[in-house]
Amino acid sequence: MLTILAAGLGLRLWGIRFARTTPLGRPDEEVFVIEAMGMFNRAYRLLDLGFPEGFFRVWQLLIRLELAVLQSIYGHLNPACLFALNPNAIILPARVFSAFAGTATAGITGLVAGRLAPEHQVAATLWGMAVYAANYLVGRDGHFGVSDATLCLGIALTLLMCVRAAEESPKWLLGAAAFAGLSFGVKASAAGLVVPCVSAAVVSIVRHGRRAIPFALVAPVVALAAFLAVSPRVMVEWATFIRGLQWSRGERYGGLADPLSSGLFYFPGIVLPAAFGIPGFFAAVYGMGIVIRRRWGAGAVIGLYVIAFWLVLLSPLTRVFVRYASPLVPALAATTAVLAADLWHSLGGLPSRALGGAARFGLIVLLLGPPLVRLLQFDVLSSRPDTRDQAAAWLKEHAGADARVLSEGRYSRVQAIEPKQVEACTAVVPPSLRTYVPMLARSRDDFVDLVNQGKRGWEELTYRAGQYWLHHDADQRQWVANPAASDAPDLVIQPVGPSTMPHGGTERPDASCFEQVHQISPGDLERPRWDVNDAYYVPFTGLGQVSASGPEIFIHRNKCKRP
């Protein structure tokens with residue numbers, strides 16, 4: 001058991017410092033860090049986007065803890081400036097938190113599997129842990145400082161409580177309600193947990209009669225209390241949160257889509273087979289049938305959850321992200337384990353010990369091999385310098401620390417910030433914590449005042465280093481209107497991503513003044529399959545087609561600029 005969990009943690013920690021020079025290596029991490037910095041000085045304010053505040057509070061706690069440790073070593077430290085000069089230093093703790101959350105989820109999934117197959121409890125428990133630990137989709141999520149890994153932990157705990165309520169005692173309905181409420185406080189897609197909770201309550205009432213009714217009636221109150229405990233701002237802005245959920249629904253479900261690219265086919269046809277491997281995905285579906293046939297109570301909890309989540313929440317999606325399927329993985333990993341435990345027991349009864357051992361080894365390879373190979377490929381890519389990291393290293397070596405650049409591309413851009421922010425932040429971040437950050441051609445403001453504001457300035461400093469140039473990418477074009485000007489950029493950096501993915505590329509600069517001096521290519525960007533809506537520059541499948549994460553990058557030198 002410890003070996004499986006240690007391997008699962010290792011698979012999540014390997015490569016976790018990916019894209020270390022940019023705050024945009026994994027989209028949405030910058031959203032969490034900016035809001036968490038703002039929450040040191042004001043109330044949470046993203047309810048209008050339908051985001052509960054639970055994981056933002058986790059981020060704020062991690063920043064607070066990191067700041068306490070660093071200040072005990074270095075004295076006064078501005079965390080927003082640390083983010084500006086070394087973004088990975090602030091992002092990394094949240095990624096590590098996700099890695100541990102994913103590993104814990106593997107353990108809980110094993111417990112769910114053991115409850116679904118009590119006749120082979122030990123084997124099912126170990127298989128459940130291993131299937132989840134090796135799963136490519138959630139293993140991938142375990143590298144990111146966003147809410148998906150923590151959400152899956154809450155889902156696994158809720159399912160465990162629901163199965164126990166259906167099979168053992170109605171008192172477990174309260175635990176299910178608590179974990180469902182906490183999960184909804186982390187991410188709104190936990191709304192799908194209503195189905196297993198209600199199913200468990202109905203089964204429990206059928207089995208235990210009037211004794212179960214008080215638990216079923218109290219459970220919604222427990223769920224609401226748990227939700228408000230981690231997202232308390234909803235108590236004073238309930239209407240704002242409802243409008244945010246409606247807006248979020250319109251963003252993801254609105255508009256027409258090709259039925260073959262909608263969630264109905266995309267997740268069971270592409271995402272889940274890649275996550276489990278094709279044999280593993282079929283084993284999950286078949287194992288779910290076994291559970292439904294053998295244990296109607298637990299089968300109702302697991303089967304209805306998977307089917308309802310797919311049909312109600314995933315199928316209508318017209319804007320799909322691979323991570324939207326992650327909430328299904330704990331349930332499907334547990335049903336895979338039920339079938340695997342049955343087969344493990346049967347293969348152990350073969351007349352020859354050698355034959356039985358070989359057959360069991362083949363079962364491990366069949367069910368764990370495909371997702372594990374893909375996850376290892378992902379880890380290898382993540383452990384290598386991203387093309388944007390390579391570009392920063394090239395700039396430091398060949399352009400010098402004082403070079404001024406124009407860096408385009410939105411999420412694919414090479415990280416560069418305004419010179420005056422570099423100057424102001426350098427004064428309040430110890431040298432051993434800084435990394436080289438390229439400087440843009442111009443500064444809009446003097447950042448000293450923001451630094452001197454203390455906590456009140458943290459949010460704006462973080463925004464200007466992490467998200468500002470996503471929103472004002474096109475503004476840089478005015479800097480090349482007169483390439484000969486003294487404040488024109490010395491270099492123009494342009495990324496190009498796969499054609500299926502928006503990458504913010506623009507037309508090449510005027511060739512009469514800007515000559516290409518360097519190109520960094522990660523490999524063939526057109527052959528892999530990408531998670532096209534997420535602007536995350538690692539392929540979802542076909543990882544062997546690229547040698548590094550990140551877009552292709554072209555660097556142009558301004559030969560017309562006056563000395």
Side-chain angles (χ1 to χ4, degrees), residues 1-16 95 98-114 116-117 122-144 148-149 152-153 155-156 159 267 270-288 322-323 325-344 347 360-383 538-544:
M1 193 178 293
L2 291 176
T3 301
I4 292 170
L5 294 178
L9 179 61
L11 288 167
R12 285 155 175 78
L13 292 176
W14 187 7
I16 203 165
R95 291 181 180 173
S98 290
F100 277 92
T103 304
T105 308
I108 302 301
T109 299
L111 297 180
V112 174
L116 296 179
V122 173
T125 299
L126 294 174
W127 269 103
M129 291 180 178
V131 171
Y132 192 93
N135 184 274
Y136 169 54
L137 178 59
V138 293
R140 185 178 183 264
D141 288 343
H143 290 73
F144 306 146
D148 299 287
C152 286
L153 176 58
I155 287 171
L159 293 177
F267 294 104
I270 295 172
V271 177
L272 291 173
F276 285 86
I278 293 175
F281 179 56
F282 281 115
V285 175
Y286 191 84
M288 187 165 62
V322 298
R323 54 190 161 88
S326 296
L328 289 176
V329 176
L332 293 176
T335 61
T336 303
V338 172
L339 175 61
D342 276 6
L343 293 174
W344 188 264
L347 294 173
R360 283 178 163 182
F361 179 76
L363 181 65
I364 292 173
V365 171
L366 184 68
L367 296 184
L368 300 183
L372 187 57
V373 167
R374 191 165 276 137
L375 183 53
L376 288 169
Q377 287 181 306
F378 175 85
D379 284 345
V380 169
L381 277 180
S382 298
S383 65
V538 176
F540 183 59
T541 60
L543 291 90

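Hydrogens, waters and symmetry mates are skipped; everything else that's a heavy atom, side chains included, is used.
- Minimum heavy-atom separation, L5 to T103: O-CG2, 3.3 Å.
- Between I155 and P327, the closest heavy-atom pair is CD1-CB, 3.3 Å.
- Residues V131 and L367 fail the side-chain proximity criterion, which asks for heavy atoms closer than 4.5 Å.
- Considering CG of L116 and CG of L339, their distance stands at 12.5 Å, rounded to 0.5 Å.
- Annotation: side chain of L11 is in contact with side chain of L372 (closest heavy-atom distance under 4.5 Å).
- What you find for A337 and G128 is that their closest heavy atoms are CB-N, 3.3 Å.
- In terms of modelled atom types and a separation under 3.5 Å, the side chain of R374 and the main chain of A274 share a donor-acceptor contact.
- In this structure, the side chains of W14 and S382 stay at 4.5 Å or more apart for every pair of heavy atoms.
- Once rounded to the nearest 0.5 Å, the distance linking CE of M129 with CG of L111 reads 5.5 Å.
- Rounded to the nearest 0.5 angstrom, L347 CG and F361 CZ are separated by 13.5 Å.
- Aromatic pair F282/F276: ring centres not closer than 6.0 Å.
- With 3.5 Å as the limit, one finds no donor-acceptor pair spanning the side chains of S326 and D148.
- Here the straight-line distance linking atom CG of N135 with atom CG of L272 works out to 8.5 Å at 0.5 Å rounding.
- Separating the CZ atom in R140 from the CG atom in L375 is a distance of 10.5 Å, to the nearest 0.5 Å.
- Inter-residue side-chain proximity for W127 and L363 is flagged as met; some heavy-atom pair is nearer than 4.5 Å.
- Atoms OH and CG, on Y286 and D342 in that order, are 9.0 Å from each other to the nearest 0.5 Å.
- Looking at L543 and Y136, their side chains come closer than 4.5 Å, going by heavy atoms from C-beta outward.
- Nearest heavy atoms, Y132 versus R12: O-NH2, 3.3 Å.
- When side chains are defined from C-beta on, F144 does not count as touching R323, because their heavy atoms never get closer than 4.5 Å.
- Looking at every heavy atom in both residues, P330 comes nearest to A156 through CB-CB, 4.1 Å.
- Considering all non-hydrogen atoms of both residues, P273 and F281 come closest at CG-CD2, 3.9 Å.
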